[in-house]
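Written below as structure tokens is the structure these notes are about.
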Amino acid sequence: MRPPSGWMQAVGAAAFCFLSLLGLGAVLVIAAKLANPALGAGAGPLDVMSGIVVLGLAGIGVTLELGRLSLEALPLGAVFLWGWIVSWAARTAVHRRNPGGHTAAAIEGMKLAVPLGLICFVAALVFRVGQAPDLVRVDPAMALFVPSLWGALFGAAGGLRSRGSLASHAGRALARIGESRRWCFEGVIAAANMLVVTAVLSSVALLVIVMVTVIGGRPSPQVTVGDALSVLVYLVVFGPNLVVLLACFALGTPVEVGARVAFGARPIGGFESVSLLGWAGSSPGRIALLLLLVPLCGCLLGAFMTGRNSSGTTRSLQALGIGAVVYAAGLSLLGWLSGVRIDGGILGPGSGRLAPEADTAFLLALLWALGAGWIGGRLAEVSGPRTSIARWTGRTVRLKR
């Protein structure tokens, strides 16, 4: 029985997405080779292809298994880049079908998740690097689940994009909320403002840290162009992770750093918690306290921008509460996703972590948003008339004080 044309197009889109995933893996393999020219010396074409498949799948969050160790990491930069490609492929396929409404378009876009997951599952079974006990591969079960999940999410986004930009869809949804619950609308916008300002300030802080490290370290003449290109690739792939980790750290959240390796029956190494204020371990020093400006300015400016468009003190307080919860939930979730974890099981040879405490990040982000957000709201009240252009709805709105 011939499958419907919609599924045929979904299979074609999934195949294109898998090819783009191989492109991501090839870039990661080249970056690793540039950093270590001796890596993979004497490897045949099948070994190179296996490395491309394994690193490509690991680049979107599929668990990587190195012997008895498992590496769990979600490179946000790679996921965002590949997600845009998946969204584009889904939008193209859905646009050709022209299914009708927004819901139907989203469902059509999600169809590519099924063949994409199956293709990645088969690839995980076939391609692996090395031999036991040093076998490097990806978990086949995760290779089925993770690409299917991303295919469904980004595919639905692509289906919606075939009916207009995602910003216009979000604007209409928020406009409907604003018609009945204005304070809820303002709270979501406040959280978005806080997150954006926090991300920008964290990026600037990360750039300053990198520049100071490079200048202070005085790289040796042995650093080659290949090393620089390799670092650039990994900054693109893991840059958003570093920005989120720095934002969580700036809140005061303890970040667990370290590794433990079993040598015989005796573990070697351990974990250490590092926090900005030294609450749960060591502190990087007084100069690092300047990072407190990141959540302070992020929450204050975000609430100020929203407060300028609020229509009353009571509504401002309600919006602040909603915004604080959304801001804290979003930042703690991103912090949990940005962590890197290495586990070897109960009898495994070792484990390691670089991850913030997500529950502590939620509590501290909530307190920062409520405290600095309240100050920003009060400053907005005394700063004059509130007039805004509602970008979400495309209307000019003048709100009374």
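When a residue number appears, it is its place in the shown sequence, counting from 1.
- The distance from the CG atom of Leu21 to the CD1 atom of Ile52 is 11.0 Å, given to the nearest 0.5 Å.
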Quiz item: Could you walk me through whether Leu276 and Leu292 pass the side chain to side chain contact (heavy atoms under 4.5 Å, CB included) check?
Solution: CA-CA 8 Å; Leu276 190 59; Leu292 292 173; 3.4 Å; yes

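- Note that CG of Leu64 and CE of Met142 are 12.0 Å apart. Values are rounded to the nearest 0.5 Å.
- With Ser162 contributing its side chain and Arg91 its backbone, the two residues share no donor-acceptor pair below 3.5 Å.
- Within the model, atoms CD1 of Ile375 and CG of Leu300 stand 6.0 Å from one another, a figure rounded to the nearest 0.5 Å.
- Although no hydrogens or angles enter the test, the distance criterion places no donor-acceptor pair under 3.5 Å between the side chain of Thr198 and the main chain of Leu195.
- The residue from Leu24, Val237, Leu28 that alone fulfils the side chain to side chain contact (heavy atoms under 4.5 Å, CB included) condition with Pro75 is Val237.
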Practice problem: Using the side chain to side chain contact (heavy atoms under 4.5 Å, CB included) rule, take Ile189 and Met305 through it: C-alpha gap first, then chi angles, then the decisive distance, then the call. | Solution: CA-CA 9 Å; Ile189 299 301; Met305 290 186 292; over 6 Å; no

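- Between Ser50 and Arg128 there is no side-chain heavy-atom pair separated by less than 4.5 Å.
- Heavy-atom minimum distance, Cys297 versus Leu201: CB-CD1, 3.6 Å.
- Inter-residue side-chain proximity for Val94 and Leu160 is flagged as unmet; no heavy-atom pair is nearer than 4.5 Å.
- Taking the six-membered ring where the residue is Trp, the centroids of Trp88 and Phe16 are separated by under 6.0 Å.
- Residues Ala143 and Cys120 approach most closely at O-CB, 3.3 Å, considering heavy atoms.
- Across all non-hydrogen atoms, the minimal contact from Leu74 to Asn241 is O-ND2, 2.8 Å.
- Considering Leu246, Leu333, Leu76 in turn, Leu76 is the only one that fulfils the side chain to side chain contact (heavy atoms under 4.5 Å, CB included) rule with Ser338.
- With rounding to the nearest 0.5 angstrom, the CG atom of Leu118 is 6.5 Å from the CG atom of Leu144.
- With hydrogens and angles ignored, the 3.5 Å screen pairs a side-chain donor or acceptor of Trp368 with a backbone N or O of Leu251.
- At a threshold of 4.5 Å between non-hydrogen side-chain atoms, the residues Leu291 and Phe249 count as touching.
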Quiz item: Passes side chain to side chain contact (heavy atoms under 4.5 Å, CB included), Leu366 versus Val325? Steps please.
Solution: CA-CA 6 Å; Leu366 185 66; Val325 172; 4.1 Å; yes

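- By the 4.5 Å heavy-atom criterion applied to side chains, Ser70 and Asp139 are not counted as neighbours.
- Under the 4.5 Å side-chain criterion, counting only non-hydrogen atoms from C-beta, Val233 is not in contact with Leu229.
- The minimum heavy-atom distance between Leu206 and Gly239, with the atom names listed, is CD2-O, 4.4 Å.
- Minimum interatomic distance between Trp336 and Ala358 (heavy atoms only, all atoms of both residues): CB-CB, 4.0 Å.
- When the shell of 6.0 Å around OH of Tyr234 is examined, it contains more than 12 heavy atoms from other residues, nucleotides or ligands.
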Quiz item: Between Val86 and Trp150, is a side chain to side chain contact (heavy atoms under 4.5 Å, CB included) present by the stated rule, with each step listed?
Solution: CA-CA 8 Å; Val86 174; Trp150 295 135; over 6 Å; no

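- Taking each heavy atom of Ala369 and Met194 in turn, the nearest pair found is CB-SD, 4.0 Å.
- Met110 CE: 12 or fewer foreign heavy atoms inside a 6.0 Å radius.
- Residue Leu354 holds its CG atom at 8.5 Å from CG of Leu242, rounded to the nearest 0.5 Å.
- Residue Phe154 holds its CZ atom at 11.0 Å from CD1 of Ile85, rounded to the nearest 0.5 Å.
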